[in-house]
Amino acid sequence: MKIIIVGGVAGGASAATRLRRLDETAEIILVERGENISYATCGLPYYIGEVIEKRDSLLVQTPAAISKRFGLDIRVLQEVRKINPSAKEVEIENLQTGEIYRESYDYLILSPGASPLVPPLPGVELRGVFTLRTVSDSVEIKDWIKANKAQKAVVVGGGFIGLEVAENFKHFGLDVTVVEAQDQVLAPLDKEMAAYIHKKMRAKGVDLFLNEPVVAFVGQEKLQAVVLKSGKKVDADLVVLAIGVRPENKLAVEAGLKIGKTGGILVDEYFCTSDPSIYALGDAVEVTNFVSGEKALIPLAGPAQKQARIVADRLMGKKVKGYQGTLGTSIVKVFDLVAATTGLNEKTLKKLDIPYLTSYTHPDAYAAYYPGGDHMCIKLLFTPDDGKVLGAQIIGSVGVDKRIDILATSIRKQFTVYDLVDLELAYAPPFSSAKDPTNVAGQVACNILAGDVEIVHWHELQKLQEDGAIIVDIREPHELAKGMINGAIHIPLDELRNSMTELPKDKMLILYCRAGLRSYIGYRLLKAYGYQVKSLSGGYLTYKISHFN
């Protein structure tokens with residue numbers, strides 16, 4: 001059997017090595033147009049910032065090493081230019097010599113990845129405007145900074161890569177501006193959760209422009225400034241475009257393969273294309289969102305490697321379960337803050353008209369009495385009938401990765417919030433509390449489902465106040481210095497029992513505390529005495545951050 005693989009990063013390299021482990025006799029040719037294979041794309045920003053000091057640390061495997069260990073025919077700096085499906089052959093160009101030749105195949109695996117979006121704006125061709133996708137790109141950016149003694153950097157796009165680049169530019173000592181066309185960074189997060197990142201970036205000295213599309217790059221051969229739609233001009237010695245990627249589907253289109261509505265190559269659950277001899281995987285293919293069932297482009301290395309294993313197993317005749325879809329679980333470090341997400345966000349649930357409920361919790365990452373701890377914010381989205389987990393977002397400084405992985409697993413296994421309560425998780429003071437943050441999130445959601453507490457959310461308060469609701473702050477007096485909700489009256493929780501006669505029973509009362517626990521206790525008290533009462537989910541912490549611009 002002769003198998004040709006196009007593309008040698010996460011998906012392609014994983015497919016090649018898995019194929020070899022399953023069949024020692026197969027002829028396996030991997031064609032990669034770059035000079036490296038199997039490199040750590042996600043580590044590129046950290047190499048620019050010199051957190052990762054050596055370029056070679058980014059190379060998971062070299063062509064020579066992987067070829068020697070697995071007996072693979074690795075052809076770097078060569079590019080597949082054309083596929084002839086009827087003849088089952090590809091046309092390859094050697095980029096060093098210009099030679100063009102053909103290779104036949106029994107099976108072809110397409111793993112070409114995705115290419116950075118480059119907007120057709122005036123000046124985008126100026127020297128100093130970069131994209132970041134390969135090791136060579138990161139080296140070029142570092143060399144430019146040093147050769148031009150760059151001091152001012154602009155990152156266009158506030159996605160995961162854009163924020164990592166911004167942090168690492170700052171670490172490198174540059175003045176950094178992030179420009180985002182939307183009203184928030186990190187689109188997979190909901191806006192009030194992204195606000196934590198906005199606040200952190202500005203606190204760390206990053207200039208952040210939201211709702212500000214770029215309209216031009218200006219300079220004389222070399223970049224000098226970035227022009228925004230508002231007319232503002234931002235001085236810049238270099239720009240990194242991080243506005244997203246598009247699937248590399250050119251080969252597939254020209255070969256007559258079917259393309260999905262998202263622009264990704266159309267594949268079945270085993271990643272077979274419309275041609276039974278051609279498979280495709282990774283960033284170039286259209287996948288199914290695990291929760292919604294909608295078609296999507298989700299360019300992540302983890303899913304690509306899982307897809308590669310399915311393809312290799314399928315080609316080697318192993319009985320294999322088809323791909324079940326992609327969750328899009330992601331995490332990013334922004335200075336000393338961590339943001340993570342899995343499943344669907346609230347924006348998408350609304351767009352797809354999927355019924356849902358929301359809860360906010362602010363549990364401690366580990367035992368509150370253990371030094372160095374911090375709280376996190378968990379936004380949990382779940383179905384209103386049976387409490388099935390639909391999505392989650394977490395912001396914090398420690399322990400975020402552990403909790404998002406638990407919640408991602410819960411979605412994959414179709415757990416409900418009741419299952420989150422039952423999870424038995426490792427506990428010791430340096431790592432967690434007896435009630436893990438995921439247990440706490442589950443308990444709060446269960447209370448909402450059971451009707452043990454009626455909640456309102458931060459964005460509903462203004463309308464409720466206009467309709468006559470009374471907002472009651474039940475925090476302790478010393479906490480008021482951190483701010484209050486406009487128009488609220490103050491009755492500390494421990495005084496509520498003796499002071500509740502001062503409150504009207506014919507008006508809605510909205511209780512809030514710091515994070516939601518005390519307002520839940522106050523709710524239970526007032527409800528028992530016949531008051532109309534609700535609790536503000538996530539308390540003042542969620543309300544305050546949601547009003548941060």
Side-chain angles (χ1 to χ4, degrees), residues 33-34 41 44-45 48 112-134 136-145 147-170 172 174-188 191 194 197-198 201-202 206-250 253 262-264 283-284 297 299 332 549:
R33 65 187 173 193
T41 306
L44 299 179
I48 292 172
S115 57
L117 290 170
V118 178
L121 296 175
V124 75
E125 75 288 345
L126 287 169
R127 294 169 55 225
V129 179
F130 300 93
T131 58
L132 179 61
R133 191 68 179 171
T134 67
S136 298
D137 292 338
S138 65
V139 172
E140 189 177 358
I141 291 169
K142 280 188 72 171
D143 288 348
W144 176 269
I145 293 171
N148 292 275
K149 295 181 173 58
Q151 296 181 332
K152 298 179 183 295
V154 173
V155 179
V156 181
F160 289 88
I161 296 298
L163 297 194
E164 288 174 342
V165 170
E167 177 187 345
N168 280 280
F169 276 160
K170 199 70 181 175
F172 200 75
L174 302 180
D175 293 331
V176 182
T177 299
V178 173
V179 179
E180 170 56 54
Q182 303 303 314
D183 62 356
Q184 66 166 87
V185 300
L186 297 180
K191 188 177 179 181
I197 306 301
H198 301 164
M201 292 173 68
R202 287 176 171 141
V206 175
D207 288 332
L208 176 61
F209 291 93
L210 301 173
N211 281 317
E212 278 280 22
V214 172
V215 296
F217 304 96
V218 295
Q220 297 295 324
E221 294 187 4
K222 191 165 70 173
L223 177 76
Q224 293 178 322
V226 178
V227 182
L228 309 184
K229 188 175 182 180
S230 64
K232 183 173 179 60
K233 190 177 290 187
V234 181
D235 292 339
D237 299 313
L238 77 153
V239 161
V240 171
L241 300 174
I243 58 177
V245 296
R246 64 161 56 94
E248 288 268 18
N249 63 13
K250 184 173 182 289
V253 169
T262 64
D283 296 357
L297 296 173
V332 63
N549 293 319

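We count residues from 1, following the sequence as given.
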With a 3.5 Å distance limit and no angle check, can you tell me whether [X] reaches the backbone of [Y] through a side-chain donor-acceptor pair?
| X | Y | answer |
| --- | --- | --- |
| D137 | F130 | no |
| D143 | E140 | no |
| E248 | P112 | no |
| H198 | Q184 | no |

Could you tell me which non-hydrogen atom of [X] sits nearest to which non-hydrogen atom of [Y], and how far apart they are?
| X | Y | result |
| --- | --- | --- |
| G263 | P247 | O-CG, 3.4 Å |
| V129 | G123 | CG2-O, 4.2 Å |
| S138 | L44 | OG-CD2, 3.9 Å |
| D183 | K191 | OD2-NZ, 3.5 Å |
| P299 | D283 | CA-OD1, 3.2 Å |

Of all residues at least two apart in sequence or in a different chain, which pass the side-chain contact (heavy atoms from CB on, under 4.5 Å) check with [X]?
| X | value |
| --- | --- |
| I243 | L117, P119, V156 |
| E164 | P45, Y46, I161, V332 |
| K142 | Y47, I48, E50, K146 |

Just to verify, which of L163, T177, V176 counts as forming a side-chain contact (heavy atoms from CB on, under 4.5 Å) with V206? V176
Among residues at least two apart in sequence or on other chains, which ones pass salt bridge (Lys or Arg N to Asp or Glu O under 4.0 Å) with K232? none
Can you list every pair that meets side-chain hydrogen bond (donor to acceptor under 3.5 Å, both in side chains) and has a residue in residues 210-225, with sequence neighbours left out? N148-K222, E212-S230
Using side-chain heavy atoms (C-beta onward) and a distance below 4.5 Å, is L228 in contact with V214? yes
Which pairs of donor and acceptor atoms, one on a side chain in residues 233-241, lie under 3.5 Å apart (sequence neighbours left out)?
{"unit_1": "D237", "atom_1": "OD2", "unit_2": "Q151", "atom_2": "N", "d": "2.8"}
{"unit_1": "D237", "atom_1": "OD2", "unit_2": "K152", "atom_2": "N", "d": "2.9"}

Reported CG-to-CG distance for the pair L132 and N168, which is rounded to 0.5 angstrom: 10.0 Å
